[in-house]
Amino acid sequence: PYFDRIATEYADSVTVVAVHSLLANDTMAKYIGEHYPDSRLVFVSDYGEGTTSDYYTAISGGGAAGYPYTVVIDETGIITGVFPSTLEYESLKAAVEEALN
């Protein structure tokens with residue numbers, strides 16, 4: 001819900017991409033449709049060949065940590081925040097504000 005809130009509040013300047021760690025399937029699509037029907041979140045599946053997690057491997061320097069894993073990237077592509085655990089709304093908002101400034 002925090003990511004959905006950020007995506008809505010900063011719709012003109014921020015894109016929030018939610019990476020799901022399991023194979024995309026009808027169950028995931030149904031859940032997203034039911035719980036986030038009007039969301040501005042971009043949902044992607046992180047399931048490559050075999051058991052590879054392609055997005056996660058790319059952003060975490062080889063997949064050294066686990067989910068949840070939040071990365072904040074500014075408009076120039078510079079990583080401005082890495083959070084290898086859950087985030088509360090205020091912490092997420094502060095990280096977004098820092099990236100925007």
Side-chain angles (χ1 to χ4, degrees):
Y2 303 140
F3 292 96
D4 189 53
R5 184 173 167 188
I6 291 292
T8 300
E9 291 176 6
Y10 293 90
D12 293 335
S13 55
V14 171
T15 299
V16 178
V17 179
V19 181
H20 194 282
S21 62
L22 299 175
L23 181 63
N25 59 35
D26 292 338
T27 303
M28 188 172 90
K30 182 179 177 185
Y31 180 86
I32 292 166
E34 289 175 2
H35 298 303
Y36 298 95
D38 299 319
S39 180
R40 294 181 170 270
L41 290 169
V42 176
F43 288 94
V44 297
S45 177
D46 192 17
Y47 194 85
E49 296 297 321
T51 59
T52 303
S53 297
D54 298 331
Y55 292 114
Y56 180 73
T57 300
I59 64 169
S60 67
Y67 284 111
Y69 194 87
T70 301
V71 178
V72 179
I73 304 170
D74 73 10
E75 66 182 11
T76 65
I78 302 297
I79 295 174
T80 60
V82 175
F83 306 90
S85 62
T86 58
L87 282 174
E88 294 297 322
Y89 171 77
E90 291 301 327
S91 298
L92 179 59
K93 182 176 179 175
V96 168
E97 288 286 336
E98 181 179 333
L100 291 171
N101 294 321

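Just so it is clear, the model here is predicted, and its values are computed rather than measured. The first residue of the sequence shown is numbered 1, and numbering continues consecutively from there.
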Do [X] and [Y] have side chains that approach each other closer than 4.5 Å (heavy atoms only, starting at C-beta)?
X: Leu100; Y: Tyr10; result: yes
X: Tyr2; Y: Leu87; result: no
X: Val14; Y: Val96; result: yes
X: Val82; Y: Thr70; result: no
X: Ile6; Y: Tyr89; result: yes

- Task: Considering non-hydrogen atoms only, spot the tightest contact between Ala7 and Arg40 and give its length.
- Result: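 That would be O-CD, 3.5 Å.
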- So which heavy atom on Tyr36 is nearest to which on Pro1, and how close? OH-N, 3.7 Å
- Message: side chain to side chain contact (heavy atoms under 4.5 Å, CB included), that's the test. Do Ile73 and Ile78 meet it? Break it down for me.
- Response: CA-CA 5 Å; Ile73 304 170; Ile78 302 297; 5.9 Å; no
- The single option from Leu92, Val71, Val72 passing side chain to side chain contact (heavy atoms under 4.5 Å, CB included) against Phe83: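 Among the candidates, only Val72 passes.
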- Message: Tell me whether Lys93 is salt-bridged to Glu97, with the criterion being a basic N under 4.0 Å from an acidic carboxylate O.
- Response: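 The answer is no: the pair does not qualify as a salt bridge.
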- Message: Tell me if the CD atom of Glu75 is crowded by more than 12 foreign heavy atoms within 6.0 Å.
- Response: no
- Go through the steps to decide whether Thr80 and Asp74 satisfy the test side-chain hydrogen bond (donor to acceptor under 3.5 Å, both in side chains), and finish with yes or no. CA-CA 7 Å; Thr80 60; Asp74 73 10; 5.9 Å; no
